[in-house]
Each structure stands twice: as structure tokens, then as C-alpha cells.
Amino acid sequence: MSEILRVENLTQQFRLDKSLLDKLHWEKGRITLRERVVKAVNGISFHVERGEAFGLVGESGCGKSTTARTIIGLNRPTSGDILFDGKSTAAMDKGERFALHKQMQMIFQDPYASLNPRMTVMDIVTEPILFHKLAGSRQEAEQRAYALLERVGIRPELASRFPHQFSGGQRQRIGIARALAVNPQFIVADEPVSALDVSIQAQILNLLMDLKEERSLSYLFIAHDLSVVRHLCSRLAVMYLGRIVEMGSREQIFEHPSHPYTQLLLAAAPKLTGSSIAGYEIPEKEMPTVLDLPKGCAFCNRCRYASPQCETELPALREVELGHVSACHLCGKK
Ligand code: SF4
């Protein structure tokens, strides 16, 4: 296998205070200047092999969706690099970027919000085909759209309907057909089943797995639900407050998780994963804010193993075993 995507030391920050007025702040009886920066993604690195499904998992607010949006080109990275097929996306010219948009498509969490309510399903699916000039005529584009809709489980006679006339699961199928319309190699799926009923989730996951085999697709699969990732992904990374805290194969992460946060996630979903960590209660404490990251380990206030070293020293990712890394001071000591 060769790499299709490489993310190198990616950082994504957003300034909250744009104007001088935004920056003025009343504090202790004085007006001061402050600049608030959301540190959404803080130097993450990983790669996805061709034909692989790679999972990015973590709680809401951990930076996984920001990472997805940056990879797809919706945000410009603050620093770091994204390489597609070995080429830095930052170094691509306009023509190469246009071609990249065809190779890399996204499936969104909310299928309803991502579909134009004023367009029929046929128009939604044919639009990217015509935009990228993948059909010689409108009629040819429609033939391709009918075939795609049928493949994802939407009857062709429903193609003249509008998105609001479909259920959530059907809308996600239409979103998948639209993503596939340009024959991409790489799909970024951002929580594609989290808004759906459990029974529908399984159908959509099965469809995604079948399409991966049929079309030799590679996936970056974003999820907060470990059970979803377990079914689809062969490797995964766990994110916490904008950093990767553990990364490894499905077996390594699910059978012998190293990082206390991964253990917590597994303990939080005992029915779904079947692997409860005995005696590990979920702490009430919230994540620290991305506006003010702690100096040491960001998981410190929720970790039952925390020591004074954890409060002051940021743990680096270290190898636990071949292909399995974890960012914890206790790594290799427990
Ligand atoms: Fe817990 Fe310390 Fe490890 Fe962080 S570095 S996960 S606080 S033991």
C-alpha cells in the first residue's frame, strides 16, 4: 500500500477578536487589550494508506471536524502541511487544486443541511458531474446520476423530488451519491451516521464499506462513537483538545488501549464496544477550554493517574509497540 494522505504537524487556530473594539476588555477597573485565539488543532500528524479507512475519534470540541474541514480545503491551515498523493496541497496551483477537489470529497454529518433544499435530487447529483465536465451532455450526466442513486439505494423515479421529501437515512444516501458523482479516490466522512437512528446507521455503514471495496476508496472517518469506527476502520487516532493522544491499529486501540483518555472513551460505551474498563468511572469534570490550554497534559483534570509532572509537562507521543503510540507520562510504566 502507498500513502494517499499525509497530515504533518497541522495547526488550526481562529482569532475570535477581529476588530480593535472586539479586543477592548474591561478588567479590574481598567480597559485592557486582549486577543482570544481558539486553538482548535495543535500540531497533529498522521497518514492514510491508499484503500484504508482511518478513524479520527474524540468528544465534541476535540478538533476532529476542524481537521476534516482543513483537509478538504474549507479552512486554510495556520501551520503545518497536508500532502495528497505525495504533493503538498499548499504548493498546488489553481488547476491542481481544481483536480484535487475532484479526488477528495466530503460526506457531512447533517445530510439535510448539506443538500440544497431548492434543488431536486437529480440536480444535486448531476451538478458536480457537469461542473467537472465528466459527461458530454446533460443526458449522459443524468444517466450517471440514475445509476449512482440506484447504487446507494434511492429509486431512480424519486430523483425529481426535493431533499425535504426524504428521510434522514435517504438524505445521507443522496449525500453519498453526490460525493461519488466525481469518482473520488478519497472521502472525508464527518460523523456521517451520528444524526441517524441506530438501525439506519448500520445500513449506511454497510453501504460505505461496500463502496470502499467496489471503488477502492480511502476514507478519513470522523466519529465520536468508537463502535462506529471499530466496524469500519483498520487504524485510528484518538484526539483530545486538538492533539492526538493515541494512535494505532483497531486491535491495539480496542484490545489494549494505553492512554487513560482512550480507556475512558471505551468505559463510556460499554454496551457498544463490549469492553468496559472495570472501576473506571467517568469524571464529572469538563474538558479545559481551547482558549486557554493547560501547560501540561490537557487530560490532567479528568485523569485518575495524574501526577504533579502531568500538570507542568506536556507528554509527547511515544511508541508503546510497533505502530501504536500514546501521549502519556505513564506510557510504558503502568
Ligand atoms: Fe493522565 Fe498524566 Fe497520562 Fe495525562 S500524562 S493521561 S494526566 S497520567
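Counting starts at 1 for both ligands and their atoms, following the listed order.
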Side-chain touch V152/I174, heavy atoms, less than 4.5 angstrom: no

Protein-derived N, O or S atoms lying under 2.8 Å from atom 3 (Fe) of ligand 1, waters excluded: 1

Working for ring-ring contact (aromatic ring centres under 6.0 Å, His included), residues F221 and F54: CA-CA 6 Å; F221 200 91; F54 182 86; over 10 Å; no

Side-chain H-bond candidate by donor/acceptor type, Y240 with R302, under 3.5 Å: yes

Geometric class of the H259/F299 ring pair [parallel <30°, tilted 30-60°, perpendicular >60°]: tilted

Flag, side chain of T89 to backbone of L83, donor-acceptor distance under 3.5 Å: no

Within 6.0 Å of CZ in R69, more than 12 heavy atoms from elsewhere: no

